[in-house]
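One structure is given below, encoded as C-alpha coordinates.
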2 protein chains.
Amino acid sequence: MDSKTLCLAVLLKGDASGYEIKKALESAPLSHFQDTSFGSIYPALNRLTAHGQAVCREEAQDKRPDKKVYSITQDGRRALVEALLQPPGPDRYRSDFLFVLFLAELLPAGHLAQVVDSRIALYDERIAHMEACDCAQGQAAPDYVHGFGLAIYRAAADYLKRHRDEIIAGAAQESRRVAE
Amino acid sequence: MDSKTLCLAVLLKGDASGYEIKKALESAPLSHFQDTSFGSIYPALNRLTAHGQAVCREEAQDKRPDKKVYSITQDGRRALVEALLQPPGPDRYRSDFLFVLFLAELLPAGHLAQVVDSRIALYDERIAHMEACDCAQGQAAPDYVHGFGLAIYRAAADYLKRHRDEIIAGAAQESRRVAE
DNA sequence: TCCATCATATATCGATGCGATATACGCATG
DNA sequence: CATGCGTATATCGCATCGATATATGATGGA
(Lines give C-alpha, C1' and ligand atoms only; values in the text may rest on other atoms or scores of the structure.)
Protein backbone atom coordinates (compact mmCIF):
# COMPACT_ATOMS: atom_id res chain seq x y z
CA MET A 1 0.00 0.00 0.00
CA ASP A 2 1.31 3.46 -0.78
CA SER A 3 2.79 5.60 1.97
CA LYS A 4 0.07 8.23 1.85
CA THR A 5 -2.63 5.66 2.61
CA LEU A 6 -0.52 4.12 5.36
CA CYS A 7 -0.14 7.53 7.00
CA LEU A 8 -3.85 8.23 6.73
CA ALA A 9 -4.63 4.91 8.43
CA VAL A 10 -2.47 5.84 11.40
CA LEU A 11 -3.83 9.38 11.59
CA LEU A 12 -7.36 8.00 11.69
CA LYS A 13 -6.63 6.55 15.13
CA GLY A 14 -5.31 9.89 16.36
CA ASP A 15 -3.06 12.86 15.59
CA ALA A 16 0.61 12.05 15.20
CA SER A 17 3.97 13.34 14.03
CA GLY A 18 6.00 11.64 11.31
CA TYR A 19 8.13 9.96 13.92
CA GLU A 20 5.09 8.65 15.78
CA ILE A 21 3.56 7.35 12.54
CA LYS A 22 6.72 5.35 11.90
CA LYS A 23 6.56 3.84 15.38
CA ALA A 24 2.87 3.04 15.00
CA LEU A 25 3.52 1.21 11.73
CA GLU A 26 6.31 -0.78 13.35
CA SER A 27 4.27 -1.93 16.30
CA ALA A 28 0.92 -2.85 14.83
CA PRO A 29 0.20 -6.45 13.79
CA LEU A 30 0.26 -4.85 10.37
CA SER A 31 4.02 -4.29 10.67
CA HIS A 32 4.67 -7.73 9.20
CA PHE A 33 2.82 -6.86 6.01
CA GLN A 34 3.42 -3.19 5.42
CA ASP A 35 6.49 -1.08 5.92
CA THR A 36 7.84 2.39 5.28
CA SER A 37 10.87 4.53 5.96
CA PHE A 38 11.24 8.18 6.89
CA GLY A 39 12.26 8.77 3.32
CA SER A 40 8.68 7.82 2.37
CA ILE A 41 6.74 9.18 5.32
CA TYR A 42 7.88 12.80 5.30
CA PRO A 43 7.25 13.37 1.59
CA ALA A 44 3.92 11.55 1.95
CA LEU A 45 2.86 13.90 4.77
CA ASN A 46 3.79 16.89 2.64
CA ARG A 47 1.73 15.58 -0.26
CA LEU A 48 -1.17 14.83 2.07
CA THR A 49 -1.04 18.38 3.43
CA ALA A 50 -0.79 19.85 -0.07
CA HIS A 51 -3.90 17.95 -1.14
CA GLY A 52 -5.90 18.87 1.94
CA GLN A 53 -6.06 15.33 3.25
CA ALA A 54 -4.21 16.24 6.41
CA VAL A 55 -3.42 19.40 8.32
CA CYS A 56 -0.28 20.17 10.29
CA ARG A 57 0.29 22.21 13.41
CA GLU A 58 3.71 22.87 14.91
CA GLU A 59 4.21 22.23 18.58
CA ALA A 60 7.20 23.91 20.15
CA GLN A 61 9.09 21.63 22.48
CA ASP A 62 11.64 22.33 25.17
CA LYS A 63 15.14 21.57 23.96
CA ARG A 64 13.86 19.41 21.15
CA PRO A 65 13.14 20.11 17.51
CA ASP A 66 9.62 21.35 16.97
CA LYS A 67 7.09 18.61 16.62
CA LYS A 68 4.87 18.73 13.56
CA VAL A 69 1.62 17.10 14.51
CA TYR A 70 -0.65 15.99 11.70
CA SER A 71 -4.41 15.43 11.76
CA ILE A 72 -6.56 13.72 9.17
CA THR A 73 -9.26 15.81 7.48
CA GLN A 74 -12.66 14.82 6.13
CA ASP A 75 -11.11 14.70 2.68
CA GLY A 76 -8.42 12.42 4.02
CA ARG A 77 -11.02 10.06 5.44
CA ARG A 78 -12.69 9.94 2.03
CA ALA A 79 -9.38 9.23 0.29
CA LEU A 80 -8.60 6.44 2.74
CA VAL A 81 -11.94 4.70 2.21
CA GLU A 82 -11.57 5.08 -1.52
CA ALA A 83 -8.15 3.41 -1.40
CA LEU A 84 -9.59 0.56 0.66
CA LEU A 85 -12.34 -0.03 -1.88
CA GLN A 86 -9.87 -0.69 -4.70
CA PRO A 87 -9.46 -4.43 -5.27
CA PRO A 88 -6.22 -5.28 -3.44
CA GLY A 89 -3.38 -6.61 -5.59
CA PRO A 90 -1.88 -10.03 -4.91
CA ASP A 91 0.33 -10.53 -1.87
CA ARG A 92 4.03 -10.26 -2.59
CA TYR A 93 6.46 -12.44 -0.70
CA ARG A 94 10.05 -11.32 -1.20
CA SER A 95 12.75 -13.64 0.09
CA ASP A 96 16.48 -13.32 -0.45
CA PHE A 97 16.86 -16.45 1.62
CA LEU A 98 14.96 -18.53 -0.94
CA PHE A 99 17.06 -17.02 -3.70
CA VAL A 100 20.16 -18.29 -1.92
CA LEU A 101 18.52 -21.68 -1.43
CA PHE A 102 17.65 -21.78 -5.11
CA LEU A 103 21.31 -21.38 -6.04
CA ALA A 104 22.61 -23.52 -3.21
CA GLU A 105 24.98 -25.45 -5.48
CA LEU A 106 27.17 -22.36 -5.84
CA LEU A 107 27.89 -22.12 -2.13
CA PRO A 108 30.85 -23.57 -0.29
CA ALA A 109 30.11 -26.71 1.73
CA GLY A 110 28.62 -25.98 5.14
CA HIS A 111 27.52 -22.46 4.33
CA LEU A 112 24.00 -23.51 3.40
CA ALA A 113 23.49 -25.40 6.66
CA GLN A 114 24.40 -22.28 8.58
CA VAL A 115 22.05 -20.12 6.51
CA VAL A 116 19.15 -22.56 6.89
CA ASP A 117 19.63 -22.89 10.62
CA SER A 118 19.82 -19.11 11.05
CA ARG A 119 16.59 -18.78 9.14
CA ILE A 120 14.83 -21.37 11.28
CA ALA A 121 16.02 -19.48 14.37
CA LEU A 122 14.76 -16.22 12.87
CA TYR A 123 11.31 -17.66 12.19
CA ASP A 124 11.16 -19.18 15.68
CA GLU A 125 12.09 -15.86 17.21
CA ARG A 126 9.37 -14.08 15.24
CA ILE A 127 6.81 -16.69 16.26
CA ALA A 128 7.75 -16.45 19.94
CA HIS A 129 7.49 -12.68 19.73
CA MET A 130 4.07 -12.82 18.13
CA GLU A 131 2.78 -15.41 20.56
CA ALA A 132 3.97 -13.31 23.48
CA CYS A 133 2.45 -10.16 22.02
CA ASP A 134 -0.86 -9.67 23.68
CA CYS A 135 -2.77 -8.65 20.60
CA ALA A 136 -5.86 -10.77 20.99
CA GLN A 137 -8.35 -8.38 22.53
CA GLY A 138 -11.44 -10.04 21.15
CA GLN A 139 -12.66 -10.88 17.70
CA ALA A 140 -11.62 -7.64 16.02
CA ALA A 141 -10.03 -7.38 12.59
CA PRO A 142 -6.48 -6.71 13.84
CA ASP A 143 -6.53 -10.08 15.62
CA TYR A 144 -7.02 -11.84 12.33
CA VAL A 145 -4.13 -10.00 10.75
CA HIS A 146 -2.06 -11.12 13.71
CA GLY A 147 -3.33 -14.68 13.38
CA PHE A 148 -2.63 -14.70 9.66
CA GLY A 149 0.96 -13.63 10.24
CA LEU A 150 1.44 -16.30 12.86
CA ALA A 151 0.03 -18.96 10.54
CA ILE A 152 2.43 -17.95 7.77
CA TYR A 153 5.51 -17.90 9.99
CA ARG A 154 4.59 -21.25 11.50
CA ALA A 155 4.15 -22.78 8.04
CA ALA A 156 7.54 -21.40 6.97
CA ALA A 157 9.33 -22.63 10.09
CA ASP A 158 7.61 -25.99 9.91
CA TYR A 159 8.50 -26.54 6.27
CA LEU A 160 12.13 -25.66 6.80
CA LYS A 161 12.46 -27.88 9.87
CA ARG A 162 10.86 -30.86 8.12
CA HIS A 163 13.17 -30.55 5.13
CA ARG A 164 16.32 -29.21 6.72
CA ASP A 165 18.34 -32.43 6.52
CA GLU A 166 17.30 -33.29 2.97
CA ILE A 167 18.06 -29.76 1.78
CA ILE A 168 21.55 -29.82 3.23
CA ALA A 169 22.32 -33.34 2.08
CA GLY A 170 20.96 -32.61 -1.39
CA ALA A 171 23.09 -29.47 -1.75
CA ALA A 172 26.23 -31.31 -0.65
CA GLN A 173 25.54 -34.01 -3.24
CA GLU A 174 24.83 -31.39 -5.91
CA SER A 175 28.07 -29.55 -5.10
CA ARG A 176 30.05 -32.75 -5.60
CA ARG A 177 28.30 -33.36 -8.92
CA VAL A 178 29.04 -29.83 -10.14
CA ALA A 179 32.67 -30.03 -9.00
CA GLU A 180 33.29 -33.16 -11.08
CA MET B 1 17.51 -9.34 -4.25
CA ASP B 2 18.73 -6.57 -6.49
CA SER B 3 18.09 -6.74 -10.23
CA LYS B 4 21.74 -7.14 -11.17
CA THR B 5 22.07 -10.30 -9.11
CA LEU B 6 18.79 -11.66 -10.45
CA CYS B 7 20.03 -11.15 -14.02
CA LEU B 8 23.34 -12.84 -13.23
CA ALA B 9 21.51 -15.85 -11.81
CA VAL B 10 19.56 -16.30 -15.03
CA LEU B 11 22.62 -15.74 -17.22
CA LEU B 12 24.47 -18.44 -15.30
CA LYS B 13 22.08 -21.03 -16.75
CA GLY B 14 22.69 -19.75 -20.27
CA ASP B 15 22.94 -16.68 -22.48
CA ALA B 16 19.80 -14.60 -22.74
CA SER B 17 18.32 -11.30 -23.86
CA GLY B 18 16.56 -8.90 -21.49
CA TYR B 19 13.23 -10.21 -22.62
CA GLU B 20 14.24 -13.82 -22.04
CA ILE B 21 15.55 -12.97 -18.58
CA LYS B 22 12.17 -11.51 -17.69
CA LYS B 23 10.41 -14.66 -18.87
CA ALA B 24 12.85 -16.88 -16.98
CA LEU B 25 12.22 -14.95 -13.76
CA GLU B 26 8.48 -15.28 -14.26
CA SER B 27 8.49 -19.01 -14.80
CA ALA B 28 10.91 -20.34 -12.23
CA PRO B 29 9.64 -21.51 -8.82
CA LEU B 30 11.52 -18.42 -7.73
CA SER B 31 8.92 -16.21 -9.38
CA HIS B 32 6.83 -16.22 -6.22
CA PHE B 33 9.66 -14.73 -4.20
CA GLN B 34 11.51 -12.44 -6.56
CA ASP B 35 10.28 -10.13 -9.24
CA THR B 36 11.45 -7.45 -11.62
CA SER B 37 10.22 -5.27 -14.45
CA PHE B 38 11.83 -4.20 -17.71
CA GLY B 39 12.42 -0.86 -16.08
CA SER B 40 14.84 -2.65 -13.76
CA ILE B 41 16.27 -5.30 -16.06
CA TYR B 42 17.54 -3.13 -18.93
CA PRO B 43 19.40 -0.66 -16.70
CA ALA B 44 20.76 -3.61 -14.69
CA LEU B 45 22.13 -5.23 -17.85
CA ASN B 46 23.79 -1.96 -18.82
CA ARG B 47 25.42 -1.66 -15.42
CA LEU B 48 26.51 -5.29 -15.57
CA THR B 49 28.10 -4.69 -18.97
CA ALA B 50 29.78 -1.49 -17.77
CA HIS B 51 31.30 -3.34 -14.82
CA GLY B 52 32.48 -6.26 -16.92
CA GLN B 53 30.18 -8.75 -15.24
CA ALA B 54 28.39 -9.50 -18.49
CA VAL B 55 29.10 -9.08 -22.18
CA CYS B 56 26.61 -8.33 -24.93
CA ARG B 57 26.50 -9.37 -28.57
CA GLU B 58 23.87 -8.18 -31.03
CA GLU B 59 22.08 -10.73 -33.11
CA ALA B 60 20.32 -9.46 -36.20
CA GLN B 61 16.90 -10.99 -36.67
CA ASP B 62 14.63 -11.19 -39.67
CA LYS B 63 11.83 -8.64 -39.44
CA ARG B 64 12.36 -8.20 -35.71
CA PRO B 65 14.34 -5.72 -33.65
CA ASP B 66 17.89 -6.86 -33.09
CA LYS B 67 18.33 -9.15 -30.16
CA LYS B 68 20.94 -8.23 -27.57
CA VAL B 69 22.18 -11.46 -26.09
CA TYR B 70 24.06 -11.24 -22.81
CA SER B 71 26.56 -13.69 -21.37
CA ILE B 72 27.93 -13.84 -17.86
CA THR B 73 31.70 -13.37 -17.42
CA GLN B 74 34.08 -14.81 -14.86
CA ASP B 75 33.80 -11.52 -12.97
CA GLY B 76 30.03 -11.86 -13.04
CA ARG B 77 30.23 -15.34 -11.57
CA ARG B 78 32.38 -14.00 -8.76
CA ALA B 79 29.95 -11.14 -8.10
CA LEU B 80 27.02 -13.57 -7.98
CA VAL B 81 28.69 -15.86 -5.46
CA GLU B 82 29.70 -12.88 -3.38
CA ALA B 83 26.09 -11.66 -3.29
CA LEU B 84 24.93 -15.13 -2.26
CA LEU B 85 27.39 -15.20 0.63
CA GLN B 86 25.94 -12.08 2.22
CA PRO B 87 23.60 -12.99 5.07
CA PRO B 88 20.12 -12.75 3.53
CA GLY B 89 17.81 -10.15 5.05
CA PRO B 90 14.46 -11.15 6.54
CA ASP B 91 11.63 -12.20 4.25
CA ARG B 92 9.19 -9.44 3.43
CA TYR B 93 5.54 -10.24 3.02
CA ARG B 94 3.62 -7.31 1.55
CA SER B 95 -0.15 -7.59 1.54
CA ASP B 96 -2.63 -4.90 0.63
CA PHE B 97 -5.36 -7.42 1.35
CA LEU B 98 -4.37 -7.61 5.02
CA PHE B 99 -4.30 -3.83 5.17
CA VAL B 100 -7.90 -3.78 4.00
CA LEU B 101 -8.79 -6.49 6.52
CA PHE B 102 -7.10 -4.47 9.26
CA LEU B 103 -9.39 -1.52 8.55
CA ALA B 104 -12.46 -3.63 7.81
CA GLU B 105 -14.70 -1.46 9.97
CA LEU B 106 -14.44 1.36 7.43
CA LEU B 107 -15.92 -0.72 4.61
CA PRO B 108 -19.57 -0.85 3.56
CA ALA B 109 -21.42 -4.00 4.64
CA GLY B 110 -20.84 -6.94 2.33
CA HIS B 111 -17.73 -5.54 0.71
CA LEU B 112 -15.39 -7.39 3.05
CA ALA B 113 -17.07 -10.75 2.37
CA GLN B 114 -16.47 -10.25 -1.32
CA VAL B 115 -12.84 -9.29 -0.80
CA VAL B 116 -12.16 -12.26 1.49
CA ASP B 117 -13.81 -14.72 -0.89
CA SER B 118 -11.87 -13.35 -3.84
CA ARG B 119 -8.67 -13.76 -1.90
CA ILE B 120 -9.47 -17.36 -1.00
CA ALA B 121 -10.15 -18.02 -4.68
CA LEU B 122 -6.86 -16.37 -5.60
CA TYR B 123 -4.89 -18.52 -3.16
CA ASP B 124 -6.67 -21.67 -4.37
CA GLU B 125 -5.85 -20.82 -7.94
CA ARG B 126 -2.19 -20.28 -7.11
CA ILE B 127 -2.09 -23.59 -5.22
CA ALA B 128 -3.72 -25.49 -8.08
CA HIS B 129 -1.24 -23.94 -10.49
CA MET B 130 1.73 -24.88 -8.35
CA GLU B 131 0.48 -28.42 -7.78
CA ALA B 132 -0.03 -28.89 -11.51
CA CYS B 133 3.40 -27.46 -12.29
CA ASP B 134 5.71 -30.38 -12.77
CA CYS B 135 8.66 -28.92 -10.93
CA ALA B 136 9.65 -31.89 -8.82
CA GLN B 137 12.49 -33.42 -10.76
CA GLY B 138 14.28 -34.92 -7.81
CA GLN B 139 15.66 -33.58 -4.58
CA ALA B 140 17.26 -30.47 -6.03
CA ALA B 141 17.20 -27.03 -4.44
CA PRO B 142 14.54 -25.55 -6.75
CA ASP B 143 12.10 -28.22 -5.55
CA TYR B 144 12.39 -26.94 -2.02
CA VAL B 145 11.72 -23.38 -3.10
CA HIS B 146 8.64 -24.70 -4.87
CA GLY B 147 7.62 -26.70 -1.81
CA PHE B 148 8.14 -23.70 0.45
CA GLY B 149 5.87 -21.58 -1.71
CA LEU B 150 3.19 -24.21 -1.73
CA ALA B 151 3.37 -24.53 2.06
CA ILE B 152 2.96 -20.78 2.49
CA TYR B 153 0.01 -20.49 0.11
CA ARG B 154 -1.69 -23.48 1.72
CA ALA B 155 -1.26 -21.96 5.16
CA ALA B 156 -2.71 -18.66 3.95
CA ALA B 157 -5.69 -20.29 2.24
CA ASP B 158 -6.30 -22.57 5.20
CA TYR B 159 -6.24 -19.73 7.73
CA LEU B 160 -8.64 -17.63 5.71
CA LYS B 161 -11.06 -20.49 5.15
CA ARG B 162 -11.09 -21.45 8.82
CA HIS B 163 -11.81 -17.86 9.93
CA ARG B 164 -13.87 -16.59 7.03
CA ASP B 165 -17.22 -16.61 8.83
CA GLU B 166 -15.91 -15.09 12.06
CA ILE B 167 -14.09 -12.36 10.17
CA ILE B 168 -17.17 -11.35 8.25
CA ALA B 169 -19.50 -11.57 11.24
CA GLY B 170 -17.04 -9.65 13.39
CA ALA B 171 -16.70 -6.86 10.85
CA ALA B 172 -20.48 -6.53 10.51
CA GLN B 173 -20.78 -6.23 14.29
CA GLU B 174 -17.95 -3.71 14.42
CA SER B 175 -19.54 -1.63 11.67
CA ARG B 176 -22.76 -1.42 13.66
CA ARG B 177 -20.82 -0.40 16.77
CA VAL B 178 -18.96 2.34 14.88
CA ALA B 179 -22.16 3.58 13.25
CA GLU B 180 -23.81 4.12 16.63
C1' DT C 1 33.56 10.86 35.40
C1' DC C 2 33.53 10.40 30.64
C1' DC C 3 32.30 8.45 26.46
C1' DA C 4 29.23 5.82 23.73
C1' DT C 5 24.93 4.73 22.45
C1' DC C 6 20.10 5.12 22.25
C1' DA C 7 15.62 7.65 21.84
C1' DT C 8 13.41 11.69 20.16
C1' DA C 9 12.58 14.48 16.03
C1' DT C 10 13.05 16.50 11.41
C1' DA C 11 14.62 16.14 6.73
C1' DT C 12 17.21 15.18 2.35
C1' DC C 13 20.23 12.65 -1.02
C1' DG C 14 21.41 9.26 -4.38
C1' DA C 15 20.44 4.94 -6.16
C1' DT C 16 17.10 1.87 -7.19
C1' DG C 17 12.77 0.12 -8.50
C1' DC C 18 7.84 0.07 -10.46
C1' DG C 19 4.31 0.71 -13.85
C1' DA C 20 3.08 2.81 -17.89
C1' DT C 21 4.22 4.02 -22.30
C1' DA C 22 6.51 4.25 -27.08
C1' DT C 23 8.10 1.79 -31.10
C1' DA C 24 7.89 -1.99 -34.37
C1' DC C 25 6.48 -6.25 -36.69
C1' DG C 26 4.13 -10.92 -37.34
C1' DC C 27 0.51 -13.96 -36.33
C1' DA C 28 -3.86 -15.58 -35.01
C1' DT C 29 -8.67 -15.02 -33.73
C1' DG C 30 -13.04 -13.31 -34.32
C1' DC D 1 -9.81 -6.76 -41.76
C1' DA D 2 -9.19 -5.06 -37.27
C1' DT D 3 -7.97 -5.96 -32.71
C1' DG D 4 -5.06 -7.79 -29.70
C1' DC D 5 -1.28 -10.73 -28.32
C1' DG D 6 3.70 -12.29 -28.41
C1' DT D 7 8.39 -10.91 -29.44
C1' DA D 8 11.84 -7.30 -28.52
C1' DT D 9 13.99 -2.96 -27.14
C1' DA D 10 14.04 1.09 -24.19
C1' DT D 11 12.85 5.28 -21.42
C1' DC D 12 10.09 8.46 -18.36
C1' DG D 13 8.29 10.00 -14.05
C1' DC D 14 7.33 9.02 -9.73
C1' DA D 15 7.78 6.36 -5.41
C1' DT D 16 10.54 4.17 -2.39
C1' DC D 17 14.75 2.48 0.29
C1' DG D 18 18.66 2.99 3.08
C1' DA D 19 22.02 5.99 4.62
C1' DT D 20 23.16 10.20 6.35
C1' DA D 21 22.99 15.01 8.62
C1' DT D 22 21.58 17.71 12.57
C1' DA D 23 20.44 18.46 17.41
C1' DT D 24 19.69 17.23 22.35
C1' DG D 25 18.68 14.55 26.58
C1' DA D 26 18.89 10.29 29.01
C1' DT D 27 21.04 6.07 30.14
C1' DG D 28 24.58 3.12 31.26
C1' DG D 29 29.01 0.88 31.35
C1' DA D 30 34.40 1.45 31.69
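Throughout, a chain's letter reflects where its sequence line sits, starting with A, and its residues are numbered from 1.
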Mind telling me whether F148(B) and F33(B) have parallel, tilted or perpendicular rings, with 30° and 60° as the class edges? perpendicular
Looking only at side-chain N and O atoms, does Y123(B) offer a donor or acceptor that is under 3.5 Å from a partner on D91(A)? yes
Carboxylate-amine/guanidinium contact D124(B) K161(B), below 4.0 Å: yes
Please state whether the phosphate of [N], meaning OP1 or OP2, lies under 4.0 angstrom from any side-chain nitrogen or oxygen of [X].
X: S17(A); N: dT10(C); answer: yes
X: S40(A); N: dC17(D); answer: yes
X: Y19(B); N: dT7(D); answer: yes

Which nucleotide in [options] has an atom nearest any side-chain atom of [X]:
X: K67(A); options: dA9(C), dT9(D), dT16(D); result: dA9(C)
X: R92(B); options: dA15(D), dT12(C), dG18(D); result: dG18(D)
X: K68(B); options: dG17(C), dT9(D), dA11(C); result: dT9(D)
X: Y42(B); options: dT12(C), dT16(D), dA10(D); result: dA10(D)

Any donor-acceptor N/O pair, H51(B) side chain to R47(B) backbone, under 3.5 Å: yes
Under 4.0 angstrom, heavy atoms only, what part of the nucleic acid is G39(B) near: base, sugar-phosphate, or nothing? base
Rounding to a whole Å, what distance do you find between D35(A):CG and dA15(D):C1'? 14 Å
